[in-house]
Amino acid sequence: MTDPLATVASRLAPLFADLADGVDAEVRAAVADPVVRPSNRADAQVNGALPLAKALGANPRDIAQRVLDKRPLVGIAGAEIAGPGFINITFDDDFIAAELSAVVDDDRLGVHRAERPEIVVIDYSAPNVAKEMHVGHLPSTVIGDSLVRIHTFVGHKVIRENHIGDWGRQYGMLIEHLVDLGAEPGTHLSVGDLDAFYKEANVKLEQDPEFLERSRRRVVLLQSGDPETTALWTSLVDVSTEHFNRVYDLLGVLLTDDDLAGESRYQPMVPDVLTRLEAAGLLTESDGALVVFPPGFTNREGEPLPLIIKSRSGGFNYATSDLACVIDRVERVGANRMLYVVGAPQAQHFQMVFAVARMAGWLPAEHDAGHDPAVHVAFGNVLGADRKMFRSRSGESVKFIDLLDEAVERARAAVGEKHADLPDGVKGHVARAIGIGAVKYAQLSTDRMRDSVFDWDRMLSFDGNTAPYLQYAHARICSIFRRAEVERASVRGSATALASEHERALALAILSYDAAVWDTLDTLSPHKLCTYLYDLASQFTTFYEHCPVLRADDDATRQSRLVLCDATASVLGHGLGLLGIDAPEQM
RNA sequence: GCCCUCGUAGCUCAGGGGAUAGAGCAUCGGCCUCCGGAGCCGUGUGCGCAGGUUCGAAUCCUGCCGAGGGCGCCA
């Protein structure tokens with residue numbers, strides 16, 4: 001734990017707790033928090049004396065003074081009481097320097113591990129078989145990938161699940177269409193354009209009664225496990241996953257075929273869901289369907305809203321397989337926690353599924369950390385510059401692969417223009433890092449609950465809170481070392497002196513990485529990490545502007561500043577890595 | 001009709017009980033022979049509205065307005 005604010009908090013907390021001793025137990029928990037926050041008047045400020053004084057009926061400044069009388073921050077920081085009872089904290093330079101060298105030496109860059117590692121299932125991406133991936137899959141795929149990386153980094157065991165849509169009534173028509181195209185079971189398909197394929201099948205379904213009937217029969221065959229039908233279905237899934245993998249490879253996310261956990265996988269467990277709900281006495285018949293009524297949900301007429309387990313026609317729908325999923329993840333996988341990275345419109349669905357799972361006693365116990373065992377990590381839409389759903393000029397949804405190709409092309413043009421002398425091989429790699437990074441970062445850098453606006457020029461800009469800006473900062477630092485002909489690792493044991501405010505500010509920013517990562521994790525909000533990295537890069541730019549590194553006045557200063565450069569680059573590179581974004585050494 | 005999410009500067013977004021609300025872009029004005037000018041400094045404007053809780057509210061609560069979404073057998 002290198003977050004300096006956390007260090008202060010840990011020193012002050014017992015003292016606040018002591019003073020709060022006489023307070024009613026219920027309010028004590030809240031009032032004993034020192035409330036250490038960043039400040040624009042000092043390195044940090046402690047606000048906890050005010051509420052504590054209120055609870056004790058005492059003077060806040062007196063409370064603050066009694067805390068400081070114990071001299072809890074010796075060797076860490078100076079403190080003075082300000083205003084109505086704030087404690088302003090100014091860290092000792094020696095303390096910052098010591099913490100910094102610890103971070104520089106640490107391959108975790110100061111980020112502490114989870115105290116209690118958990119098994120975390122993260123459900124994300126979830127494209128549909130026989131359809132091309134489109135922009136709509138961007139948020140889930142990119143946010144999910146980042147959450148996977150961050151959870152893994154702090155020591156959780158992460159189970160990636162790509163809950164692809166590979167089951168349902170539409171597979172009857174798709175398989176029949178395959179048959180019409182002359183497909184043999186087991187042969188390798190090359191369905192050129194998945195979207196066109198899907199549309200063709202759909203047209204036939206609407207126009208050809210004979211085809212419709214065949215499709216219906218085919219659904220039954222599929223559900224009953226007919227070998228030939230299953231083989232055709234499998235080839236359809238295979239050609240789709242090949243397409244998914246092309247997207248994932250170009251995008252640079254961790255998903256592989258091993259992570260595929262389509263709806264089909266959970267079909268065999270569906271009867272068990274029914275049995276268990278029945279045994280728990282939760283199942284009700286309503287309008288011919290078997291349902292569960294979780295309390296608190298109502299329909300348009302104000303009547304109780306059911307979660308439908310088995311439809312009137314005898315079919316199961318996605319609520320049922322989602323419940324099967326919960327059971328599987330908790331009982332077979334051993335999940336302590338499940339994250340569903342799925343769009344906000346499905347909020348009510350997940351609330352109901354979680355409610356029913358809880359009623360049935362299937363959810364894991366909540367941990368002491370207080371977080372929910374099942375969380376819908378919701379996000380808003382991707383909008384165009386016109387604030388409407390982002391679409392191509394022809395009004396179609398934009399294909400994911402086209403989007404990524406365009407991103408790389410645009411980045412290639414920018415790189416060619418600005419750094420024409422890069423070797424071609426490097427240029428291609430850099431173009432990809434910048435283009436893909438720009439798309440990912442644009443998605444990750446805003447609060448996921450808000451709709452995001454897709455704007456090529458803004459996301460590819462080298463100014464502002466963008467991937468290229470961060471990548472540039474990183475590359476520029478790498479170039480300092482190249483120019484100096486110094487190995488970055490070689491400076492890591494050197495002493496640092498924080499002579500100027502800019503060096504201090506940069507060092508403190510580096511030390512905040514721990515807090516930034518954990519804040520991101522606690523709120524499942526990658527944009528907090530983005531904001532931090534942008535702030536770090538800005539601090540670096542300011543530092544670099546004011547503090548000559550290679551032209552420093554003396555060797556010790558130069559060496560000290562090289563340490564700051566190295567640490568900054570390490571955190572930038574690592575932080576971008578947690579977002580799933582590459583940081584080239586030159587660009 | 002009920003429920004959920006969102007509303008912060010001209011634009012795109014941070015900040016989500018703490019003192020004087022920040023950044024980028026755009027505007028305007030300066031600076032610097034610059035260790036990668038993909039630079040630096042300055043400049044103006046803002047918390048949708050109204051109540052409430054609190055020592056303290058952009059932040060929490062209620063109502064209203066506005067935008068989007070959801071509300072029984074699709075996923």
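FYI, side chains are in, hydrogens and waters are out, and symmetry mates aren't considered; it's all heavy atoms of this structure. First the proteins, then the strands, lettered A, B, ... as listed; each starts at 1.
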J.: Go through the structure and list residues passing ring-ring contact (aromatic ring centres under 6.0 Å, His included) with His546(A), not counting sequence neighbours.
T.: His502(A)
J.: Give, ordered by number, those residues of residues 540-553 of chain A having at least one heavy-atom distance below 4.0 Å to an atom of RNA chain B; if nothing qualifies, reply none.
T.: Thr541(A), Tyr544(A), Glu545(A), Cys547(A), Pro548(A), Val549(A), Leu550(A), Arg551(A)
J.: Looking at the side chain of Asn381(A), which of C35(B), C13(B), G68(B) is the nearest nucleotide?
T.: G68(B)
J.: For G52(B) versus A58(B), give the span between their P atoms, rounded off to a whole number of Å.
T.: 14 Å
J.: Just N and O in the side chain of Arg387(A): are any of them under 4.0 Å from OP1 or OP2 of A67(B)?
T.: no
J.: With a non-hydrogen cut-off below 4.0 angstrom, is Met352(A) in contact with a base, only sugar-phosphate, or nothing?
T.: nothing
J.: Contact list please: residues 460-476 of chain A against RNA chain B, heavy atoms, distance less than 4.0 Å, in numerical order.
T.: Phe462(A), Asp463(A), Gly464(A), Tyr472(A), Ala475(A), Arg476(A)
J.: Send over the distance from Ile87(A) CD1 to G18(B) P, rounded to a whole Å.
T.: 16 Å
J.: When all nucleic acid strands are considered with a 4.0 Å heavy-atom cut-off, which category describes Asp457(A): base, sugar-phosphate, or nothing?
T.: nothing
J.: Roughly how far apart, to the nearest Å, are C4(B) and A38(B) at atom C1'?
T.: 42 Å
J.: On RNA chain B, nearest-nucleotide positions of Ala414(A) versus Phe86(A): which is more 5'?
T.: Phe86(A)
J.: Looking at Thr523(A) and Asp519(A), would you say the former's side chain and the latter's main chain have a donor-acceptor pair under 3.5 Å?
T.: yes
J.: So if I take every side-chain heavy atom of Ile480(A) and compare against G15(B), G36(B), A14(B), which nucleotide ends up nearest?
T.: G36(B)
J.: Using atom CG of Asp447(A) as one end and atom P of U12(B) as the other, report the distance to the nearest whole Å.
T.: 16 Å
J.: Taking A23(B) as the reference, what is the distance to G42(B) when you measure between their P atoms (whole Å, please)?
T.: 9 Å
J.: Can you tell me how far P in G46(B) sits from the matching atom in A21(B), rounded to whole Å?
T.: 11 Å
J.: Between Phe454(A) (CZ) and C13(B) (C1'), how many Å, whole number?
T.: 17 Å
J.: Using a distance-only test with no angle check, is there a side-chain donor-acceptor pair under 3.5 angstrom linking Asp166(A) and Ser264(A)?
T.: yes
J.: Quote, to the nearest angstrom, the P distance that separates A26(B) from C11(B).
T.: 16 Å
J.: From CD1 of Ile477(A) over to P of C35(B), roughly how many Å is that when rounded to an integer?
T.: 16 Å
J.: Measure across Pro294(A) and Ala355(A) and return the closest heavy-atom pair with its distance rounded to 0.1 Å.
T.: CB-CB, 3.9 Å
J.: Tell me every residue that passes side chain to side chain donor-acceptor pair (under 3.5 Å) with Thr541(A), counting only those two or more places apart in sequence or in another chain.
T.: Tyr469(A)
J.: Quiz question: by atom type and distance under 3.5 Å, do the side chains of Ser321(A) and Glu263(A) form a donor-acceptor pair?
T.: no
J.: Whole angstroms only, please: what is the CG-C1' distance between Asp451(A) and C4(B)?
T.: 13 Å
J.: Just call it for Ser479(A): base, sugar-phosphate, or nothing, with non-hydrogen atoms closer than 4.0 Å on any strand.
T.: base
J.: Checking Ser286(A) now: which residues fulfil side chain to side chain donor-acceptor pair (under 3.5 Å) with it, not counting sequence neighbours?
T.: none
J.: Just by protein heavy atoms under 4.0 Å, how would nucleotides 70-75 of chain B read 5' to 3' in B, S and -?
T.: SBBBSB
J.: If you assign each of Ala82(A) and Val415(A) to its closest nucleotide in RNA chain B, which residue comes earlier from the 5' end?
T.: Ala82(A)
J.: Expressed as a whole number of angstroms, how long is the span from Arg37(A):CZ to A57(B):P?
T.: 17 Å
J.: Donor-acceptor check, side chain of His134(A) to backbone of Arg391(A), threshold 3.5 angstrom: yes or no?
T.: no
J.: Give Pro51(A) one of three labels, base, sugar-phosphate or nothing, depending on what nucleic acid heavy atoms sit under 4.0 Å from its own.
T.: base
J.: Mind calculating the distance between CE (Met449(A)) and C1' (G16(B)) to the nearest angstrom?
T.: 14 Å
J.: In whole angstrom, give me the gap between the P atoms of U59(B) and G17(B).
T.: 10 Å
J.: Any salt bridge (charged side-chain N to carboxylate O under 4.0 Å, His left out) pairs touching residues 45-60 of chain A, not counting sequence neighbours?
T.: none
J.: Side chain of Asn47(A) only, please: which of G36(B), G22(B), G18(B) is the nearest?
T.: G18(B)
J.: Note every stem involving RNA chain B: at least three consecutive Watson-Crick or G-U wobble pairs, i with j then i+1 with j-1, with both distances under 3.5 Å.
T.: B:1-7 with B:65-71, B:10-13 with B:22-25, B:28-31 with B:39-42, B:48-52 with B:60-64
J.: Can you tell me how far C1' in C60(B) sits from the matching atom in G15(B), rounded to whole Å?
T.: 16 Å
J.: Could you give the distance separating G39(B) and C3(B) at their P atoms, to the nearest angstrom?
T.: 50 Å
J.: Please report the distance, rounded to the nearest Å, between CZ in Phe297(A) and C1' in C2(B).
T.: 13 Å
J.: Can you name the closest pair of heavy atoms from Leu550(A) and Ala484(A) and give their distance?
T.: CD2-CB, 3.4 Å
J.: Scan for salt bridge (charged side-chain N to carboxylate O under 4.0 Å, His left out) pairs involving residues 538-567 of chain A, sequence neighbours excluded, and state none if there are none.
T.: Arg488(A)-Asp566(A), Arg492(A)-Asp566(A), Glu503(A)-Arg561(A)
J.: For Tyr318(A), what residues pass the ring-ring contact (aromatic ring centres under 6.0 Å, His included) criterion, not counting sequence neighbours?
T.: His349(A)
J.: Applying ring-ring contact (aromatic ring centres under 6.0 Å, His included), name anything that partners Tyr441(A), two or more places apart in sequence or on another chain.
T.: none
J.: Tell me whether the count of non-hydrogen atoms from other residues, nucleotides or ligands lying under 6.0 Å of CD in Gln267(A) goes above 12.
T.: yes
J.: Look at the aromatic rings of Phe540(A) and Phe543(A) and report parallel, tilted or perpendicular, splitting at 30° and 60°.
T.: tilted
J.: According to a strict under-4.0 Å criterion, is Arg558(A) in side-chain N/O contact with OP1 or OP2 of C35(B)?
T.: no
J.: Output every pair passing salt bridge (charged side-chain N to carboxylate O under 4.0 Å, His left out) with a member in residues 447-457 of chain A, not counting sequence neighbours, ordered by first then second residue.
T.: Asp455(A)-Arg458(A)
J.: What's the closest nucleotide to the side chain of Lys54(A) if the choices are U54(B), U8(B), G36(B)?
T.: U54(B)
